[in-house]
Amino acid sequence: MPELPEVETVKRGLNKRIVGKVIADVTYDWPKSFPNNKADITNFLIGARVKGISRRGKAIIITLSSGYALVVHLKMTGQLVYVSAKSNDRFGAGHPTDSLVAALPDTSTRVTLRFSDESKLYFNDQRKFGWMRLVPRQLVDELPFFQLLGPEPLDDTFNESDFQKRFARRQNSMIKAALLNQSTIAGVGNIYADEALWGAKIHPRSRVRMLHANELNTLFTELRDILQKAIASGGSTDKNYVSADGKKGSYLQIARVFRRDGQPCYRCGNTIEKIRVAGRGTHMCSVCQKERP
DNA sequence: CACTTGACCTGTCCGC
DNA sequence: TGCGGACAGGTCAAGT
């Protein structure tokens with residue numbers, strides 16, 4: 001379930017932990033998780049220094065001194081967890097020990113990067129949907145995944161007018177399906193789509209064409225607000241997600257609808273329902289979010 | 001082209 | 001206790 005806030009949290013953690021380190025070795029156990037040939041690994045990964053970490057949508061880009069980059073998509077159960085060389089100093093002074101990280105590598109570990117100082121970066125992925133790919137840096141933007149990606153919702157230059165325009169060609173979609181479509185807006189997934197739609201009082205099944213401009217403007221404001229709050233919370237941990245330091249996110253403690261089915265709506269007291277929209281479990285309040293098909 | 005559905009995987013939970 | 005099936009939900013391929 002890593003969406004924009006979770007991936008952003010991982011990115012920030014990696015920026016603190018692995019920039020400047022030299023990759024000494026890589027091991028992997030599942031080809032689809034790391035589909036690279038040995039020549040590229042030898043020539044452009046081993047011995048390369050980590051220059052910086054960036055994020056685009058739900059993907060992480062680890063730029064290397066070799067002119068290549070490691071692009072990582074966590075999909076649903078992926079983790080990128082850093083473990084320092086000394087087992088009693090995994091997180092730095094004063095950080096609580098986390099048994100999950102202490103046990104790494106485990107059965108979900110797909111790729112292990114070992115740095116020259118003996119610290120490690122584990123790419124864990126229980127369900128094997130995620131991937132880590134070694135790509136020439138200048139070709140990253142040409143990967144199909146990036147080609148289809150819409151704008152970053154938190155960019156300073158991204159405004160209400162831009163947001164409206166992104167939905168112009170999706171008039172017949174249900175609003176939730178359009179929000180989840182990464183070519184509309186980058187980085188929105190199931191959790192924050194539900195949260196933003198509740199905030200804007202829009203029924204997830206509403207067709208885009210039925211929404212007024214002021215409703216989309218409210219949705220724009222709510223979405224940005226939710227994403228920023230989630231980043232401040234270190235993201236959402238349902239089952240698998242952890243930051244680069246192995247810590248869980250706390251956003252679900254303040255979530256308004258996600259995973260709150262059966263509990264009272266914070267606005268009106270009506271029971272939150274769980275329905276299926278666009279093939280996804282969807283949490284909503286049928287009183288606050290009136291259906292307009 | 002816009003839009004929807006199924007496949008990719010594994011672990012967990014629920015009913016029998 | 002075991003076992004089948006539904007479910008979790010990000011993207012891509014294939015379908016309408």
Side-chain angles (χ1 to χ4, degrees), chain A residues 1-10 28-35 55-60 71-80 100 103 105-111 123-133 140 142-150 152-153 165-197 204-210 227 230 235-242 248-249 251-252 255 257-262 273-284 293:
Chain A
M1 295 139 262
E3 306 180 26
L4 188 155
E6 289 74 31
V7 179
E8 177 67 21
T9 303
V10 171
Y28 48 99
D29 81 332
W30 189 254
K32 283 186 179 176
S33 298
F34 189 62
R55 178 191 63 76
R56 177 80 174 95
K58 300 172 190 171
I60 283 179
V71 184
V72 186
H73 200 301
L74 302 174
K75 290 287 181 83
M76 253 110 73
T77 57
Q79 307 172 329
L80 277 175
L100 168 71
D106 63 19
T107 54
S108 75
T109 301
R110 306 293 165 223
V111 184
F123 173 38
N124 303 324
D125 187 17
Q126 181 181 92
R127 288 173 67 181
K128 301 177 175 176
F129 287 173
W131 44 262
M132 172 182 278
R133 214 167 288 172
V140 167
E142 294 177 30
L143 289 174
F145 173 81
F146 292 102
Q147 289 278 304
L148 295 170
L149 220 46
E152 289 290 327
K165 286 176 191 159
R166 300 307 299 174
F167 292 93
R169 282 181 302 180
R170 313 215 175 274
Q171 296 293 309
N172 290 321
S173 277
M174 291 181 284
I175 183 64
K176 176 158 179 179
L179 269 179
L180 292 176
N181 188 330
Q182 298 300 289
S183 65
T184 311
I185 309 285
V188 183
N190 207 37
I191 297 173
Y192 304 110
D194 283 3
E195 291 288 293
L197 288 168
R205 285 199 183 113
S206 296
R207 300 286 162 176
V208 171
R209 68 175 122 80
M210 298 299 290
L227 293 175
S236 297
T237 295
D238 182 21
K239 286 194 169 69
N240 289 273
Y241 167 75
V242 292
K248 297 180 176 184
Y251 177 81
L252 290 186
V257 279
F258 193 81
R259 288 289 145 79
R260 291 198 65 249
D261 40 309
E273 300 167 28
K274 185 173 182 184
I275 61 175
R276 259 191 123 63
V277 181
R280 308 281 160 73
T282 299
H283 312 76
M284 54 154 307

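The structure presented is a predicted model; accordingly, all values stated were derived computationally and were not measured. No hydrogens, no waters, no symmetry mates; every other heavy atom, side chains included, goes into these values. Every chain is numbered from 1 and lettered A, B, ... according to where its sequence line falls, protein lines coming before strand lines.
- For the pair Asn181(A) and Gln126(A), nearest-nucleotide mapping onto DNA chain B gives the more 5' position to Asn181(A).
- For the pair Leu179(A) CG and dC3(B) P, the computed distance is 13 Å after rounding to whole Å.
- Residue Trp131(A) contributes atom CH2, which lies 23 Å from atom P of dA7(B) at whole-angstrom precision.
- Taking the six-membered ring where tryptophan is involved, the planes of His73(A) and Trp131(A) are tilted, since the angle between them lies from 30° to 60°.
- Residues Phe123(A) and Tyr28(A) keep their aromatic ring centres 6.0 Å or farther apart.
- Put simply, CZ on Phe123(A) is 13 Å from C1' on dC9(B), counting in whole angstrom units.
- Taking only side-chain atoms of Ala177(A), from C-beta outward, the nucleotide of dC3(B), dT4(B), dC12(C) with the closest atom is dT4(B).
- Rounding to whole angstrom units, NE2 of residue His73(A) and P of dC8(B) are separated by 19 Å.
- For dT11(C) and dT12(B), the C1' atoms lie 23 Å apart once the distance is rounded to whole Å.
- Not one side-chain nitrogen or oxygen of Arg276(A) sits closer than 4.0 Å to the OP1 or OP2 atom of dT4(B).
- One interatomic measurement links the two molecules: CD of Gln79(A) to P of dT10(B), which rounds to 16 Å at whole-angstrom precision.
- Note: CE (Met174(A)) to C1' (dT4(B)) measures 8 Å, nearest angstrom.
- Between dT10(B) and Lys128(A), a contact under 4.0 Å exists linking OP1 or OP2 to a side-chain N or O.
- Each of Lys176(A), Lys274(A), Arg259(A) was compared with Asp194(A) under the salt bridge (Lys or Arg N to Asp or Glu O under 4.0 Å) criterion, and only Lys176(A) meets it.
- Residue Lys239(A) is out of contact with every strand shown, counting any heavy-atom pair closer than 4.0 Å.
- We find that the ring of Phe129(A) and the base of dC8(B) stack, their centres lying under 5.5 angstrom apart and their planes tilted less than 30°.
- For the pair Arg207(A)/Met174(A), a side-chain contact is recorded, criterion being any heavy-atom separation below 4.5 Å from C-beta on.
- In this structure, Ile60(A) atom CD1 and dT11(C) atom P are separated by 13 Å, rounded to whole Å.
- A straight line from CD of Gln182(A) to C1' of dG10(C) spans 8 Å, rounded to a whole angstrom.
- Within the nucleic acid shown, Arg110(A) has no heavy atom closer than 4.0 Å to any nucleic acid atom.
- Contact check for Thr184(A) versus Leu179(A): no side-chain heavy atoms found under the 4.5 Å cut-off.
- If you check distances only, the side chain of Arg127(A) does reach the base of dA8(C) with a donor-acceptor pair under 3.5 Å.
- Across the strands present, dC9(B) finds no partner; the criterion is a Watson-Crick or G-U wobble pair with both atom distances under 3.5 angstrom.
- When the side-chain nitrogen and oxygen atoms of Lys58(A) are compared with OP1 and OP2 of dT11(C), one or more of them lie within a distance under 4.0 Å.
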